[in-house]
Amino acid sequence: MGPDQIEMVEVAPRDGLQNEKTLIETADKIALIERAIAAGSRRIEVTSFVNPKAVPQMADAEAVCEGLPERNDVTFIGLVMNARGATRALATGRIDQLGAVAVSTDSFAMANQGQTSDGSVDAAKQIIALSQAAGKTGQVTIGASFGCPFEGEVAQDRVVAMAVALAEAGPVEIGLADTIGVGNPAQVSALVAKVRAAVPHIPVRVHFHNTRGTGLANVWAAIAAGAVTIDASIGGLGGCPFAPGAAGNVSTEDVVYMLERAGVRTGLDLSALVSANHWLGEIMQRTLPGMVAKAPPFPKQA
Ligand code: ZN
């Protein structure tokens, strides 16, 4: 079943850190990005251009961009919520791809972006258009695709309709995010298949939080259903400041272990990721949620 190769996007510098109370030094964020690249990552969500009052951890977005290594083989992604954020990101000259967010319910869209769900779709389309006008690419993630922290169940038809509307703007991919980690593999399988059928010309990326332990199962189900790109965060850090109860992303090293052992190539080096987990744990001064980095290597290194 499934492909023998998938693409991964490293989201630790943005999603991984944004919910951390302790402000991380810009230099450490750059070091994290460099470690991801050294481990083989070629698409990295490096920061978000949002109101620093709302997300203090991302207040150094421009400084992070200034410190990015010169790599024309790496796609640096900046997350933006509106035209103002897009303008900031493009002004750095270092962001290759804008990541927009549309949210499936009005309540969460209000909390996240101060607008309705439909308003978030319009904003995302505008961001994609701005990226294209600047000669860059744009992609979009549909937040709370598998459940909403305020409204509970989310109708799959709603997410599919959003994907169809967003596709009109020509994003390079559409992401389906389980922002609060409530999804299950059967649901993931069904929704990925429905979105694939509705917009077959646009690749599907998935973004899972492991709040309730279903993250890896959801990754596997998504790939089997046709998703080609997986978001993950070194160490399994992550969360959303506007979604009560959101915990960490699936950890990059756990996803890589599972997929590589199952014969699906990721292009990433597991031992470099485990080292990055341990390094990041020292910076954060705690053991990170990812599980593979706590276990002995398998199979044993010669
Ligand atoms: Zn997330």
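In each ligand, atom 1 is the first atom listed, and ligand 1 is the first ligand listed. Position 1 is the first residue of the sequence; numbering continues from there.
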inquiry  = For the metal site, I want the angle between atom OD2 of Asp15 and atom NE2 of His209 with the Zn ion (ligand 1) at the apex, to 10°.
reply    = 110°
ask   = Of all the atoms in Asp231, is at least one N, O or S atom closer to the Zn ion (ligand 1) than 2.8 Å?
value = no
Should the pair [X]-[Y] be classified as a salt bridge under the 4.0 Å nitrogen-to-oxygen rule?
| X | Y | result |
| --- | --- | --- |
| Glu20 | Arg286 | yes |
| Glu7 | Arg43 | yes |
| Lys125 | Glu168 | yes |

task = Could you check which N/O/S atom of His207 is closest to the Zn ion (ligand 1)?
result = NE2
key: Side-chain donor/acceptor of Arg88 to backbone N/O of Val50, under 3.5 Å   = yes
